[in-house]
Amino acid sequence: MISVVVFTKNEEFDILGCLQCLKWSNDLIVFDSMSQDGTVGIAEAFGAKIIKRIYDDESTHKNWVLNNVNFKGSSDVSACWGQQCPEQR
C-alpha cells in the first residue's frame with residue numbers, strides 16, 4: 001500500500017489527468033485548498049479521499065499533511081512536489 005497526496009486549488013482542468021496517472025495507488029488523497037471550481041467534484045468522482053484546508057503558506061500546509069494524515073503502508077515519507085507523471089514527460 002502506498003498513500004499519495006495531491007495538493008490542489010482550482011485544478012479542474014488538470015486534476016483528472018493527474019489522478020489517472022496515480023490510479024495505481026490504493027490510497028489517493030486530494031488535499032484541497034478550498035477550490036472554487038470543479039476540482040473536488042472530479043476528485044470525488046474518481047474515488048479520491050478529500051481533505052480541505054485553507055492554504056496559509058507552503059511549509060505549514062505540507063507539514064499539516066505530514067502531521068495529520070494517516071498514511072497507509074510504510075512510515076517513510078518521500079515527496080515529489082510538482083512532478084509530472086512519466087507519461088507526460
Side-chain angles (χ1 to χ4, degrees):
M1 281 190 232
I2 298 176
S3 298
V4 175
V5 178
V6 178
F7 293 82
T8 61
K9 180 160 185 173
N10 297 329
E11 294 290 342
E12 71 180 343
F13 297 110
D14 296 316
I15 189 67
L16 184 58
C18 175
L19 296 176
Q20 287 172 336
C21 287
L22 299 170
K23 63 186 173 190
W24 51 266
S25 172
N26 59 354
D27 188 34
L28 191 52
I29 303 161
V30 170
F31 188 52
D32 187 73
S33 298
M34 312 309 280
S35 290
Q36 300 294 311
D37 63 2
T39 300
V40 171
I42 294 166
E44 286 175 331
F46 194 83
K49 296 175 190 171
I50 309 298
I51 300 172
K52 295 181 182 181
R53 181 179 183 274
I54 294 173
Y55 182 88
D56 39 16
D57 64 77
E58 187 172 3
S59 62
T60 303
H61 203 60
K62 289 177 180 177
N63 283 325
W64 189 95
V65 168
L66 295 175
N67 292 320
N68 293 283
V69 173
N70 189 15
F71 294 100
K72 293 183 179 179
S74 172
S75 60
D76 293 333
V77 176
S78 67
C80 296
W81 312 112
Q83 299 295 314
Q84 293 179 329
C85 72
E87 295 86 26
Q88 295 176 334
R89 291 185 193 170

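Nothing fancy with the numbering, it's 1 onward along the sequence.
- Judged by distance alone, with hydrogens and angles left aside, the side-chain atoms of Thr39 form a donor-acceptor pair with the main-chain N or O of Glu12 at under 3.5 Å.
- For the atom pair Ile42 CD1 and Cys18 SG, the distance stands at 11.5 Å (nearest 0.5 Å).
- Each of Ile51, Leu19, Val4, Val5 was checked for a side-chain contact (heavy atoms from CB on, under 4.5 Å) with Val30, and the lone residue meeting it is Leu19.
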field: Trace of the side chain to side chain contact (heavy atoms under 4.5 Å, CB included) decision for Phe71 with Val65
entry: CA-CA 10 Å; Phe71 294 100; Val65 168; 3.7 Å; yes
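- Put simply, NE2 on His61 and CZ on Phe31 are 4.0 Å apart, with the number rounded to the nearest 0.5 Å.
- Heavy-atom minimum distance, Ala43 versus Ile50: CB-CD1, 3.6 Å.
- Going from atom CG of Leu16 over to atom CZ of Phe46 covers 6.5 Å, rounded to the nearest 0.5 Å.
- Residue Asn67 places its CG atom among more than 12 non-hydrogen atoms of other residues, nucleotides or ligands, all under 6.0 Å distant.
- More than 12 heavy-atom neighbours from other residues, nucleotides or ligands sit within 6.0 angstrom of OH on Tyr55.
- Expressed to the nearest 0.5 Å, how far CG of Asp32 lies from CG of Asn10 amounts to 7.5 Å.
- Going from atom CH2 of Trp24 over to atom CD1 of Ile2 covers 4.5 Å, rounded to the nearest 0.5 Å.
- Tracing side-chain contacts under 4.5 Å through hydrophobic residues (I, L, V, M, F, W, Y), one reaches Trp64 starting from Leu66; they form part of the same cluster.
- When each of Met34, Glu11, Lys52 is paired with Val40, the side-chain contact (heavy atoms from CB on, under 4.5 Å) condition holds for Lys52 and for no other.
- Once rounded to the nearest 0.5 Å, the distance linking CG of Asn70 with CG of Asp27 reads 8.5 Å.
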